[in-house]
Amino acid sequence: MLARLFRHIGCAYGYAHRLFPEAARHEVAAAIERAEQGHAGEICFVVEASLTPLQLLRKLSARERALQLFADLHVWDTEHNSGVLVYLLLADHAVEIVADRGLHPQGDACWTSAAELIRQGFGSGAASAGCVEAVEVIGDFLRHRFPSNGPNPYELPNSVRML
């Protein structure tokens, strides 16, 4: 518990911007825009440097935080129940993918694969490339699961949210 607290304190907000600079955020946002073509799904990408001391005292896990954000950011509120949240908690080196009920259980292998691509990207020093690959994998899955003949409705912002 104490080690996690110090890790989160040491992972200040500026750390997230150094690890995930503006150019990388634009690259991932562009990948989301491309990945959302041809289907009725929505992808939301969130990067959080660390949790608050209160969240840490409550022993909030990365998964629980991702579920909170899934609700708070209304990712669950898409027309076809096809929202996907990609959540990175940098202090814990955690990647969580939460998908709406319209995507279960068919997407489980996709989420695992996408999360691994992100971890590999961070591990090799190519964080944005791993994130872009993961977004492409999710987009391919959504095209298969929720194909659309028309344009994708713009229900969630494509920009990377930094918390």
Side-chain angles (χ1 to χ4, degrees), residues 1-36 41-78 82-101 103-104 107-108 110-139 141-142 154-163:
M1 171 70 180
L2 197 54
R4 187 175 187 221
L5 177 65
F6 284 123
R7 194 172 57 246
H8 280 259
I9 290 170
C11 194
Y13 182 76
Y15 174 75
H17 287 276
R18 283 191 308 276
L19 190 61
F20 223 76
E22 187 174 346
R25 293 192 302 271
H26 285 300
E27 197 175 326
V28 173
I32 292 170
E33 190 170 328
R34 288 189 308 271
E36 287 186 349
E42 287 290 318
I43 301 169
C44 180
F45 203 101
V46 177
V47 177
E48 189 163 34
S50 61
L51 298 176
T52 66
L54 183 58
Q55 290 169 324
L56 293 169
L57 286 173
R58 292 183 178 162
K59 297 182 181 178
L60 187 72
S61 70
R63 183 70 179 177
E64 291 166 331
R65 179 65 175 148
L67 290 169
Q68 282 181 348
L69 291 170
F70 187 80
D72 292 347
L73 299 174
H74 298 275
V75 180
W76 59 270
D77 197 22
T78 60
S82 57
V84 178
L85 171 71
V86 179
Y87 173 69
L88 310 181
L89 180 56
L90 299 178
D92 283 348
H93 301 252
V95 179
E96 294 291 338
I97 299 179
V98 180
D100 207 343
R101 62 190 173 274
L103 298 169
H104 287 292
D108 293 347
C110 175
W111 317 143
T112 302
S113 173
E116 187 56 34
L117 286 168
I118 293 170
R119 286 186 197 96
Q120 288 173 359
F122 274 90
S124 69
S128 62
C131 292
V132 166
E133 284 183 74
V135 166
E136 290 169 353
V137 165
I138 293 168
F141 172 78
L142 290 171
Y154 186 74
E155 297 180 85
L156 298 171
N158 293 338
S159 60
V160 175
R161 297 177 192 211
M162 302 292 287
L163 305 179

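- Across Ala62 and Leu89, no two heavy atoms sit closer than the pair CB-CD2, 3.9 Å.
- Between the Glu96 side chain and the Ala66 main chain, no donor and acceptor come within less than 3.5 Å of each other.
- Counting only N and O atoms by type, the side chains of Gln55 and Arg58 include no donor and acceptor under 3.5 Å apart.
- Contact annotation: the side chain of Arg65 approaches that of Tyr87 to within less than 4.5 Å [non-hydrogen atoms, C-beta and beyond].
- A donor-acceptor contact shorter than 3.5 Å is absent between the side chain of His8 and the backbone of Ala91.
- Shown here for Leu163 and Val46, the closest heavy-atom pair between the two residues is CD1-CG1, 3.5 Å.
- When every heavy atom of Asp77 is checked against every heavy atom of Glu155, the shortest pair comes out as O-OE1, 4.1 Å.
- Separation of atoms CD1 (Ile97) and OG1 (Thr112) is listed at 8.0 Å; rounding is to 0.5 Å.
- The shortest side-chain heavy-atom distance between Leu60 and Gln68 falls under the 4.5 Å cut-off.
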Should Leu142 and Glu42 be marked as a side chain to side chain contact (heavy atoms under 4.5 Å, CB included) after you check the CA-CA gap, both sets of side-chain angles, and the distance that decides it?
CA-CA 9 Å; Leu142 290 171; Glu42 287 290 318; over 6 Å; no
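- Minimum heavy-atom separation, Ala29 to Ser159: CB-CA, 4.0 Å.
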Report the C-alpha separation of Cys110 and Val137 in whole Å, then their side-chain angles, then the decisive distance to 0.1 Å, and conclude whether the side chain to side chain contact (heavy atoms under 4.5 Å, CB included) test is met.
CA-CA 7 Å; Cys110 175; Val137 165; 3.8 Å; yes
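- Atom CH2 of Trp76 and atom SG of Cys44 lie 13.5 Å apart (nearest 0.5 Å).
- Taking 4.5 Å as the limit, some side-chain heavy atom of Val160 sits within range of a side-chain heavy atom of Val47.
- Rounded to the nearest 0.5 Å, atoms CD (Glu27) and CZ (Phe20) are 8.5 Å apart.
- Here CG of Asn158 is found 11.0 Å from CZ of Arg34. Values are rounded to the nearest 0.5 Å.
- In this structure, CG in Leu103 is found 5.5 Å from CZ in Phe141, a value given to the nearest 0.5 Å.
- Between the side chain of Glu36 and the backbone N or O of Ile43 there is at least one donor-acceptor pair closer than 3.5 Å.
- The backbone N or O of Ala94 sits nowhere less than 3.5 Å from a side-chain atom of Arg119 that would complete a donor-acceptor pair.
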Step by step, work out the side chain to side chain contact (heavy atoms under 4.5 Å, CB included) result for Leu67 and Val98.
CA-CA 7 Å; Leu67 290 169; Val98 180; 3.8 Å; yes
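- Minimum interatomic distance between Ser128 and Val28 (heavy atoms only, all atoms of both residues): O-CG2, 4.3 Å.
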Apply side chain to side chain contact (heavy atoms under 4.5 Å, CB included) to the pair Glu136 and Leu117, showing each step before the final yes or no.
CA-CA 10 Å; Glu136 290 169 353; Leu117 286 168; over 6 Å; no
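- Considering CG of Leu85 and CD1 of Ile138, their distance stands at 9.5 Å, rounded to 0.5 Å.
- Checked by atom type, the side-chain pair Arg25/His17 shows a donor-acceptor distance below 3.5 Å.
- In terms of heavy-atom proximity, Leu156 sits nearest to Leu73 at CD2-O, 3.8 Å.
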